[in-house]
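What follows is a set of notes on a single structure, which appears directly below.
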Amino acid sequence: MEVITAVKGFKDILPEETGRWHYVENIAREIFSRFGFKEIRLPVLEKTDLFKRGIGEATDIVEKEMYTFLDRGDEYLTLRPEATASVIRAYLEHSLYNAESVTRLFTIGPMFRRERPQKGRFRQFHQIDVELLGLDDPRADAEVILMLMHFLTTVGLSKVSLELNSLGCSACRPTFRTVITEFLQGKEEGLCEDCKRRLGSNPLRVFDCKSRECQEIIADAPHLSEFLCGDCQSHFGDVTSALTEFEIPYQINPRMVRGLDYYTKTAFEVTTEHLGSQNAVAGGGRYDRLVQELGGPDTPGIGFAIGFERLIALLEGADFSATPTPDLFVASLGDAAQKMAFVLCNSLRRKGIHAEQDFSAKSLKSQMKKANRLNCAYTLILGDREIEEKKAELRDMKAGTQQTLSLDNLDQSILKLIKER
RNA sequence: GUGGGUGUAGCUCAAAUGGUCAGAGUGCCGGGUUGUGGCCCCGGAGGUUGAGGGUUCAAGUCCCUUCACUCACCCCA
């Protein structure tokens, strides 16, 4: 019989790794709630149209990376490739905007994109996603970025850099778009295949194309910053000066465009040099049109997503072991001792003690070996001899001492000893 | 979707130019020693060398196909 393996790009998170996950999740929950964000849990499956409308039909994600299928032959469903669209969907579906004018939400969970797996990129991956809805104030941008950076440093990341750009709004971006389209006209031949295609759908993407020929062509192109409207300019200025005030280092990257259509104004990315070519740890931006695009009231928003696996990959070295170290190991030899150990262990567990035993009734030596490997604080030795003498030997592994306990009220005396430790 | 790399015991890896090459370490199991455990010593189980085909007297080693993993492009978190 052949063993069935996991689907390509879908990873198991093994017990030895879950400690890191808990560590990161705990810090996220604590910090985000301190900034007023509440957790929301969302389904992983959504109607395909949500992402087509939300992310944009012309994006790579929607064009070729989604897990989409026909459900019972009547509706197209998609495993969510990102969280923002789902958050907005829930926000609208439950009219959360009516409860309060500003809504701060975060969610943690798996996302799905059918890409070729590589270092730092999987088909199922996890994001920590934060969304702040109902504020167009630049302080909201600054606050969200501040929180992100604070979170990252608290978790223990130091060698990351923050890049910023303003993508303009519905007033100034279209102007810039026509400027770029005109600029690129007559230069199509030099562009890579992807950019030729992008020319019609999303010419701004040529900016962050990595091919050399495209970069040479676009190098002389005007920057979006020159075409920002007054509102966008002052907004971006307020964001950057707030970050400076908080002493958060950043770099303005005028070529950063981002691959999701919904971003407006502030866009940002946190990168590192230690992840191979998948250098983005977190990314986000403002999306003042998205809520309306999804059929809701005109509501501004800003948010970001952190790549959980990528973040964890940067945490190498530290000890986040989730392996519990038991209080007590009960080594037992013989049927009577096995039975007694079984009852004792489970009795102690129900009283709050982490007790372990070995069902296999192997040699005492191997049981002791196991107790040692598990790093148990105490070991209780129960053998035929001990039962006959109505006594058991308890060793304090750390202190190197041992004592004899009566079998009467054994669990009580052990409980007392461990609690007193 | 396009390239490159790799596939030998549970894990980490050895096996010059094809010819005792199917091994070591570690882990696991058992035994010895020990203050019934940690160190040390002895023994044991475990691999159709990813799969299929081909060349050859002979293939883990060469060729083809396929699969898996991996890195990079692309894109993104």
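In what follows, chains are A, B, ... by sequence order, proteins preceding strands, each numbered from 1.
- Across G37(B) and G31(B), the matching P atoms stand 12 Å from one another, rounded to whole Å.
- Atom name C1', nucleotides A45(B) and A9(B): the rounded distance is 11 Å, in whole Å.
- With sequence neighbours excluded, the residues satisfying side chain to side chain contact (heavy atoms under 4.5 Å, CB included) with T181(A) are R177(A), Q185(A), P203(A).
- Residues N279(A) and T271(A) have side chains that never bring a donor and an acceptor to within less than 3.5 angstrom of each other.
- Rounded to an integer number of Å, the gap from OH of Y263(A) to P of C76(B) is 10 Å.
- Y97(A) meets the ring-ring contact (aromatic ring centres under 6.0 Å, His included) test with Y91(A); sequence neighbours excluded.
- If you check every strand for non-hydrogen atoms under 4.0 Å, G120(A) touches a base.
- Whole-Å rounding puts the Q278(A) CD to U70(B) P distance at 13 Å.
- Summarising the geometry, the separation between NZ on K119(A) and P on C74(B) is reported as 18 Å, rounded to the nearest angstrom.
- Using atom C1' as the reference point in both A15(B) and C73(B), the two lie 36 Å apart (nearest Å).
- Taking NZ of K390(A) as the start and OG1 of T404(A) as the end, the distance is 16.0 Å to the nearest 0.5 Å.
- Of the inter-residue distances, the one linking I306(A) atom CD1 with D129(A) atom CG reads 9.0 Å to the nearest 0.5 angstrom.
- Going from atom CZ of F304(A) over to atom C1' of C76(B) covers 17 Å, rounded to whole Å.
- Scored by the side chain to side chain contact (heavy atoms under 4.5 Å, CB included) test, F10(A) finds V7(A), Y67(A), F112(A), R123(A), Q124(A) as partners (sequence neighbours excluded).
- Non-hydrogen atoms lying under 4.0 Å from RNA chain B are contributed by F125(A), Q127(A), all within residues 123-130 of chain A.
- Between R139(A) and E143(A) there is no salt bridge, since no side-chain N of the basic residue sits under 4.0 Å from a carboxylate O of the acidic one.
- Atom CG in L157(A) sits roughly 17 Å away from atom P in A77(B) (whole-Å rounding).
- Aromatic pair F32(A)/F151(A): ring centres closer than 6.0 Å.
- At a non-hydrogen distance threshold of 4.0 Å, R113(A), E115(A), R116(A), Q118(A) from residues 106-118 of chain A come into contact with RNA chain B.
- In plain terms, the two heavy atoms of L167(A) and M256(A) that are nearest each other are CD2-O, 3.4 Å.
- When the P atom of U70(B) is taken as reference, atom CD of E309(A) falls 13 Å away, rounded to whole Å.
- Applying a 4.0 Å cut-off to non-hydrogen atoms, the residues of residues 282-290 of chain A that approach RNA chain B are A282(A), G283(A), listed by residue number.
- Comparing the C1' positions of U55(B) and G44(B) gives an interatomic distance of 40 Å, to the nearest angstrom.
- When each of E131(A), E293(A), E46(A) is checked for a salt bridge (Lys or Arg N to Asp or Glu O under 4.0 Å) with R89(A), only E46(A) meets the rule.
- Residue pairs meeting the salt bridge (charged side-chain N to carboxylate O under 4.0 Å, His left out) criterion with at least one partner in residues 278-288 of chain A, sequence neighbours excluded, are D141(A)-R286(A), R286(A)-D288(A).
- To the nearest 0.5 Å, atoms CG (L157(A)) and CE (M149(A)) are separated by 9.0 Å.
- The interatomic distance linking R121(A) (CZ) with G1(B) (P) rounds to 12 Å, in whole Å.
- In A16(B) the base sits syn relative to the sugar, since the glycosidic angle is no further than 90° from 0.
- Rounded to whole Å, the separation between the P atoms of U26(B) and G60(B) comes to 28 Å.
- Taking the charged nitrogens against the carboxylate oxygens, E393(A) and K391(A) have no contact shorter than 4.0 Å, which rules out a salt bridge.
- Residues E63(A) and K52(A) are not paired through a salt bridge, judged by the lack of any N-O separation under 4.0 Å between the basic side chain and the carboxylate.
- R310(A) contributes a side-chain N or O that forms a donor-acceptor pair with the base of C76(B) under 3.5 Å.
- Qualifying ring-ring contact (aromatic ring centres under 6.0 Å, His included) partners for F308(A), counting only residues two or more places apart in sequence or in other chains: W21(A).
- In this view, Y287(A) and Y262(A) satisfy the ring-ring contact (aromatic ring centres under 6.0 Å, His included) rule, not counting sequence neighbours.
- Going from atom CG of L314(A) over to atom P of A77(B) covers 16 Å, rounded to whole Å.
- When the nearest nucleotides of RNA chain B are assigned to V270(A) and A6(A) by heavy-atom distance, the more 5′-ward of the two goes with A6(A).
- A salt bridge links E39(A) with R29(A): the distance from a Lys NZ or Arg NE/NH1/NH2 to an Asp or Glu carboxylate oxygen falls below 4.0 Å.
- The residue among K8(A) and A305(A) whose nearest nucleotide of RNA chain B is located toward the 5' end is K8(A).
- Going from the C1' atom of G27(B) to that of C11(B) covers 7 Å, rounded to whole Å.
- Nucleotides U2(B) and U65(B), compared at atom P, are 15 Å apart to the nearest Å.
- Sorted by first then second residue, the ring pair (Phe, Tyr, Trp, His ring centres under 6.0 Å) pairs that include residues 33-60 of chain A, not counting sequence neighbours, number zero.
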Dot-bracket for RNA chain B, 5' to 3', Watson-Crick and G-U pairs with both distances under 3.5 Å, [ ] for crossing pairs, | for partner on another strand, reads (((((((..((((.....[...)))).(((((.......))))).....(((((..]....))))))))))))....
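- For A16(B) and C63(B), the P atoms lie 16 Å apart once the distance is rounded to whole Å.
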Per-nt protein contacts along nucleotides 28-37 of chain B (heavy atom under 4.0 Å; B base, S backbone sugar-phosphate only, - none) come out as SSSBBB--BB
